[in-house]
Number of protein chains: 2
Amino acid sequence: MSAPLRVGLIGLGTVGQAVLRVLARNGDEIARRCGRRVVVTHAAMRDPHRVRDCDLAGITVGTDPHAVAGADVDAVVELIGGISPARELILAALGRGRAVVTANKALLAEHGNQISQAARAAGAHLAYEAAVGGGIPIIKVLREGLAANSIDSLAGIINGTSNYILTQMAARGQSFADALADAQKLGYAEADPTFDVEGVDAAHKLAILASIAFGVPLNFAAVAREGIGQVTPQDIQLAQELGYCIKPLGLAKRSAEGIQMWVHPTLVPAAHPLARTDGALNAIRVHGDAVGQIVCAGRGAGGEATASAVIADLVDVARMQGAAPRHLVPDLGFQPGALRELPVVPAGNVASAYYLRLRVADEPGVLRAITSILAELDISIEAILQKEPREHEDATLAIITSEIADARARGALERMQALPFVRPGASRLRVEHFE
Amino acid sequence: MSAPLRVGLIGLGTVGQAVLRVLARNGDEIARRCGRRVVVTHAAMRDPHRVRDCDLAGITVGTDPHAVAGADVDAVVELIGGISPARELILAALGRGRAVVTANKALLAEHGNQISQAARAAGAHLAYEAAVGGGIPIIKVLREGLAANSIDSLAGIINGTSNYILTQMAARGQSFADALADAQKLGYAEADPTFDVEGVDAAHKLAILASIAFGVPLNFAAVAREGIGQVTPQDIQLAQELGYCIKPLGLAKRSAEGIQMWVHPTLVPAAHPLARTDGALNAIRVHGDAVGQIVCAGRGAGGEATASAVIADLVDVARMQGAAPRHLVPDLGFQPGALRELPVVPAGNVASAYYLRLRVADEPGVLRAITSILAELDISIEAILQKEPREHEDATLAIITSEIADARARGALERMQALPFVRPGASRLRVEHFE
């Protein structure tokens with residue numbers, strides 16, 4: 001057997017400790033797969049006394065991450081997250097020709113073009129399976145497994161926290177605020193939940209997936225976002241009656257007009273596998289011209305699921321060490337010179353079916369006035385649901401439109417809200433049929 | 001860009017023609033991914049006049065497959081299926097150092113150990129993503145994406161024909177014979193459907209998946225099979241009322257006792273993603289100790305879906321050509337010397353929950369007699385359903401047992417069938433909870 005792959009680990013939190021635990025438990029079997037042992041020789045963390053569930057014997061442990069990035073190792077694993085000092089550490093390791101494995105989606109989404117270029121310049125291996133979808137090997141599936149396809153769209157539930165919250169709201173009829181508070185108590189949501197519930201984390205991941213699916217440079221800034229805080233228990237209930245589940249969806253599409261990327265709470269047909277991806281699970285649907293629809297689902301977070309992805313990358317690194325760079329899978333899926341900018345469809349032009357929900361006075365002529373607006377704007381109604389109001393209460397009206405540009409959906413809703421008998425507080429959500 | 005990868009294609013049926021079509025359509029994008037063009041230069045088929053939907057310009061087309069196996073190409077793609085002459089052609093190509101890509105699950109399951117050894121001896125690249133799961137890149141997911149895991153079980157709907165038939169039976173209340181006849185008319189089933197409905201095709205695929213999941217040599221002979229012809233519309237109905245769908249399941253498990261592999265019609269919880277895999281779709285569930293449960297679903301057959309897998313292999317071949325063999329992913333997932341035989345759990349010892357269905361006379365004391373047998377044999381009843389009989393008809397009784405060894409389930413059923421008021425024609429199906 002060849003010499004072990006020597007690994008430096010930066011960050012020994014939940015994922016870092018899980019990496020050590022899985023390597024200890026499955027080290028023999030991993031060596032049977034890749035022909036070498038994968039051995040962590042150096043590690044850095046803020047407080048080495050916090051490590052509990054794993055054995056640090058034989059590992060040089062310190063508090064200085066730069067010492068690990070510069071250590072005599074074959075590969076550096078970055079698990080501290082955030083932009084700085086992660087970026088400097090990764091660039092330093094790549095600059096020394098080390099392979100780098102990272103789970104840092106924020107860094108890749110925002111600075112991945114630069115990091116990819118640095119890896120290329122150094123002829124170094126850069127891998128990041130753990131950055132998207134936790135243990136689901138979606139990066140490998142997209143870059144290699146579906147390499148024959150022209151991929152026209154991908155969509156996923158790629159943030160477990162927001163999926164957990166919407167699932168709890170649906171199961172218990174809870175408000176967003178209550179479900180969020182429960183999720184925080186249970187450790188499913190951070191004290192500051194912005195990154196998750198506002199779609200920033202999902203947008204990071206979507207930018208990465210879109211780049212490797214379409215062969216475009218990373219463009220996080222072009223991902224449109226809407227948070228899940230706008231979804232009410234009533235929306236979830238109405239959506240169900242119309243045959244949909246509301247899911248925190250990230251979607252990227254390529255068409256003749258260019259690419260669109262967005263993260264929105266979205267109505268998904270109840271029978272689709274994504275609608276049935278509940279709790280903290282992740283699922284990604286890819287549509288390619290040859291393969292059709294592929295759906296991969298699994299744990300999107302958690303120490304060992306993420307460690308599964310980190311170690312899969314290390315196995316690739318171990319196998320490829322010493323091979324000429326042309327034999328490596330290009331880190332963004334396409335050859336370095338072959339990434340091509342595509343126009344981004346302007347937000348107002350992005351077409352989708354829409355769910356519109358209004359509170360209206362219980363008066364004659366209301367439905368006629370609203371449907372007249374839609375008819376004048378040439379918007380077809382695919383489904384409509386008016387719930388019988390309790391006495392002296394307002395009625396609720398939910399409409400699923402045909403596919404229309406975002407700007408037209410906004411315009412239609414604005415005109416409806418200007419009607420005298422329409423109350424404030426309407427809702428407008430996208431509907432995705434995956435056709 | 002490097003020189004094109006020159007491919008010889010043996011077999012120009014549905015899949016072969018789809019390979020040519022997808023390469024023509026996506027050739028530019030594929031080259032952007034792998035840095036080389038993938039070009040079919042030679043092809044063989046029985047009757048070249050039958051090719052319709054693809055362009056043969058620039059391809060040397062003949063009727064002799066041996067000429068392609070021996071042609072001056074970089075890779076040979078075998079798409080004729082069957083054992084002979086596929087085996088001889090593949091061994092000849094490998095012997096000349098050519099990379100070989102095949103979709104031939106029967107050949108791999110039955111002679112894969114020999115073929116893998118020949119590839120190793122020649123230092124040649126052997127790839128077979130298309131052999132299991134059509135366009136789903138399950139081989140790559142298992143061999144590479146989940147390489148960190150000790151995989152304890154995998155289960156899948158890996159034969160589209162039998163899944164289509166059971167889905168139609170459930171949707172229409174059809175008998176097996178009627179659903180099979182319809183499937184044959186629509187081209188979903190062969191004139192001789194044995195391979196599909198008796199589980200032979202699924203057993204071939206399961207043997208391959210089990211080998212790369214557990215690191216054991218291929219052992220097709222150890223896969224137990226039961227066909228779907230035993231399933232009645234009534235079983236499907238009763239299973240539904242008990243919260244299950246009946247699916248054509250292939251399952252492989254590793255435990256302290258050894259490995260078990262079987263292909264059976266099986267009751268699957270209605271909420272599980274595999275239960276919702278309908279029609280000709282395939283889905284595979286893998287459980288690893290680090291990653292937990294991963295499910296991948298998609299088209300398991302069809303020209304372009306299968307071509308997607310064949311071309312993904314060709315992209316790997318194109319990228320790795322010229323690299324030292326140690327850089328290749330070992331074809332059976334584990335290093336050549338690291339495959340290890342594991343004992344096969346004897347059929348009678350394989351433990352499972354069971355669904356037992358009986359027709360019984362509508363008499364007092366029947367339920368007591370049957371439940372007494374189960375109590376005497378120390379078998380717990382997890383669920384029981386007795387349907388009210390129409391007047392003068394027999395009653396139907398369905399029982400879900402706790403997990404018991406196969407031999408005990410058979411024994412219990414035999415004792416029940418010996419009771420005077422139990423009619424002939426009972427049913428015994430496995431129940432899999434994926435826990």
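Hydrogens, waters and symmetry mates are skipped; everything else that's a heavy atom, side chains included, is used. Every chain is numbered from 1 and lettered A, B, ... according to where its sequence line falls, protein lines coming before strand lines.
Contacts of Val329(B) with chain A are made by both backbone and side-chain atoms, with heavy-atom separations under 4.5 Å. With a threshold of 4.5 angstrom between heavy atoms, Leu339(B) approaches chain A through N, CA, C or O but not through any side-chain atom. In this structure, the portions of Asn149(A) lying under 4.5 Å from any heavy atom of chain B include both its backbone and its side chain. Looking at Glu129(B), there are no atoms closer than 4.5 Å to chain A (heavy atoms on both sides), in backbone or side chain. Using a 4.5 Å cut-off between heavy atoms, Asp313(B) does not touch chain A at all. Contact annotation for Asp316(B): only side-chain heavy atoms (C-beta onward) come within less than 4.5 Å of a heavy atom of chain A. Of the atoms belonging to Leu23(B), not a single heavy atom falls under 4.5 Å from chain A. Neither the backbone nor the side chain of Ala324(B) comes within less than 4.5 Å of any heavy atom of chain A. Neither the backbone nor the side chain of Arg285(B) has a heavy atom closer than 4.5 Å to any heavy atom of chain A. With a 4.5 angstrom heavy-atom cutoff, Leu314(B) does not touch chain A via any of its atoms. Only the backbone of Leu328(A) comes within less than 4.5 Å of a heavy atom in chain B; its side chain stays farther off.
Not a single ring pair (Phe, Tyr, Trp, His ring centres under 6.0 Å) links Tyr128(A) to another residue, sequence neighbours left out. Evaluation of the ring pair (Phe, Tyr, Trp, His ring centres under 6.0 Å) rule for Phe334(A) yields no partner, not counting sequence neighbours.
Contacts between residues 269-284 of chain B and chain A, counted as heavy-atom pairs separated by less than 4.5 Å, involve Arg276(B). Taking 4.5 Å as the heavy-atom cut-off, the residues of residues 299-306 of chain B that approach chain A are Arg299(B), Glu304(B), Ala305(B), ordered by number.
Between Val310(A) and Leu79(A), some side-chain heavy-atom pair lies under the 4.5 Å cut-off. Ile139(B) places a side-chain heavy atom less than 4.5 Å from the side chain of Leu209(B). A heavy-atom distance below 4.5 Å is not found between the side chains of Val38(B) and Val317(B).
Note that the CG atom of Leu154(B) and the CZ atom of Arg254(B) stand 10.5 Å from one another [nearest 0.5 Å]. A distance of 7.5 Å separates CD1 in Ile138(B) from CD1 in Ile212(B), rounded to the nearest 0.5 Å. Rounding to the nearest 0.5 angstrom, the gap separating the CZ atom in Phe214(B) from the CD atom in Glu341(B) is 14.0 Å. Distance check: His327(A) NE2 to His327(B) NE2 gives 7.0 Å after rounding to the nearest 0.5 Å. How far NZ of Lys253(A) is from NE2 of His287(A): 11.0 Å, rounded to the nearest 0.5 Å. Taken from CD in Gln335(B) to CZ in Arg319(A), the straight-line distance is 7.5 Å, to the nearest 0.5 Å.
The closest donor-acceptor contact from the side chain of Asp74(A) to the backbone of Leu5(A) lies at 3.5 Å or more, if one exists at all. In terms of modelled atom types and a separation under 3.5 Å, the side chain of Lys205(B) and the main chain of Ile158(B) share a donor-acceptor contact. Using a distance-only test at 3.5 Å, with no hydrogens or angles considered, a donor-acceptor pair links the side chain of Ser211(A) to the main chain of Val216(A).
Across Arg37(A) and Gly27(A), no two heavy atoms sit closer than the pair NH2-C, 3.6 Å.
Contact count versus chain B (heavy atoms, under 4.5 Å) is highest, among Gln321(A), Arg21(A), Arg25(A), for Arg25(A). Across Gly288(A), Ala290(A), Gly215(A), the residue that shares the most heavy-atom pairs under 4.5 angstrom with chain B is Ala290(A). If you tally non-hydrogen atom pairs under 4.5 Å between each of Ile311(A), Leu332(A), Ile294(A) and chain B, the highest count goes to Ile294(A). The greatest number of non-hydrogen atom pairs below 4.5 Å with chain A, out of Pro336(B), Gly298(B), Ala297(B), is found for Ala297(B).
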